[in-house]
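Right, one structure below, let's go through it.
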Amino acid sequence: MTVPSAARVWDYFLDGAHNFAVDRRVAAEAIKFKPDLPDLARAVRVFLRHSVRVMAQAGIDQFIDVGAGLPTVGNVHEVAARLNPLARIAYIDRDPVAVAHSRAILAGNDQVAAVAGDVRDPAGFLDAPELTRLIDFDRPVGLLLCAVLHFVADDADPAGSVATLVDRLVPGSYLAIQHATHDAQPANTIQMLQYWNSQSPEPMTWRTHADIAAFFEGFTLIEPGLVELARWLPDEPADADPARFASYAGIGRKGTLS
Ligand SMILES: C[S@@+](CC[C@H](N)C(=O)[O-])C[C@H]1O[C@@H](n2cnc3c(N)ncnc32)[C@H](O)[C@@H]1O
C-alpha cells in the first residue's frame, strides 16, 4: 500500500473503487503531465470490448485476457456473455489485489476464472488447472493483451512471451493488442512516462509501430490494421489528433482471414 500499482492506478482512471492513497497521488501527478489519461484508459476499454465483439461474432467462445486488471464495468465476460451465454473466460494478472478482487466478483460464475500469472512466464499459467478447466486449446481462442506488454522490458523478452502464447493457439484464433508508443508524442507525454517510471516498480517500455507489429507474426490483421488507438473509437472527432492516446491497437486472426 506504499507503492503505486499499475492495476490500481488504472482502476482510478476508470473511476473504480479499488485504489489506495498512493495510487491516487501518483495518478494525479501523472495527469498533470497528460491530462487525458482517464480518456486513454476508457479508450483502451472501448477497444477491448470491441475486440471481444469482433471475436465473438467470428465464433470465438473462449477468451484469455492477460493483464486483465481489476474488475471494472464492461468486463470481457460481460460483453462475451451478451453475445454467447456459453462463453468462457480466463483472466490472468500478476497483481494479487487484482486477482483477489476478480475472484470475489466472479464467485459463483463457473464460466470465468481469475488466475495469478505473469505474461513474462506464460508456461506458468497456460497449464494451470483453473485455466485448462475452461480453455480448450484444440479449438480457437481469443487472446487479449491490452495495456500489458508495455510493462515488459526488452530484456524480459516480450516477443518470446507472445510467441509462447500464440504457439498454443490453433489457426482461426484471434489476438488483440493495445500497446503504448512514443511515436509522434509531444514532450509532456514523454515526461509523464518518465514520471511513472521514476515512481513505479512496474516501469513501462514504449515501442515503435514496427516493434508492436512484430508481435502479430503469423496473424492476419483485420481492418483497419495496427493503427493509433484513437482510430478504433467510433465517436472520435474528425479533427482530433490520432496520436493523442500514445498507443497502437490491432486485432489479428491466426493464419489467413476466412
Ligand atoms: C493498465 S492495466 C490494463 C488492464 C486491462 N487490460 C485494460 O486494458 O483495461 C495493466 C494490467 O497489467 C498487469 N500487468 C502488468 N505487468 C504484468 C505482467 N508481467 N504479467 C501479468 N500482468 C501484468 C497489471 O497488474 C495491470 O492489471
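Numbers for residues simply follow the sequence, beginning at 1. Since we're looking at a predicted model, the values are computed, not measured. First listed ligand is number 1; within each ligand, the first listed atom is number 1.
- The closest approach between a heavy atom of A98 and any atom of ligand 1 is not below 4.0 Å.
- Under a 4.0 Å heavy-atom criterion, A41 is not in contact with ligand 1.
- For residues 128-145, the pairs satisfying side-chain hydrogen bond (donor to acceptor under 3.5 Å, both in side chains) are D61-R139, R103-E130, with sequence neighbours left out.
- Contact annotation: V66 has no heavy atom less than 4.0 Å from any atom of ligand 1.
- Ranked by closest heavy atom to atom 5 (C) of ligand 1, the top entry among G67, A116, A153, A147 is G67.
- For ligand 1, the atoms sitting less than 4.0 Å from at least one non-hydrogen atom of D95 are 25 (O), numbered in the order shown with element in parentheses.
- In terms of N/O distances under 3.5 Å, ligand 1 is approached by C146.
- Between D118 and ligand 1, an N or O atom pair is found at a separation short of 3.5 Å.
- Here E202 pairs with R94 in a salt bridge; the nearest charged N to carboxylate O distance falls below 4.0 Å.
- Among M204, H150, R94, the residue whose heavy atom lies closest to atom 17 (C) of ligand 1 is R94.
- The residues D11 and R24 are annotated as not salt-bridged, no charged nitrogen and carboxylate oxygen being separated by less than 4.0 angstrom.
- Which parts of ligand 1 touch A68 is read off a 4.0 Å heavy-atom cut-off, strictly below it: atoms 4 (C), 5 (C), 6 (N).
- With respect to D36 and K34, a salt bridge is recorded, a charged nitrogen being found less than 4.0 Å from a carboxylate O.
- Of the charged side-chain nitrogens involved, at least one lies within less than 4.0 Å of a carboxylate oxygen, so that D154 and R207 count as a salt-bridged pair.
- Of all the atoms in ligand 1, the ones that sit under 4.0 Å from a non-hydrogen atom of R45 are 5 (C), 7 (C), 9 (O).
- Between V44 and ligand 1, a contact under 3.5 Å exists for no N or O pair.
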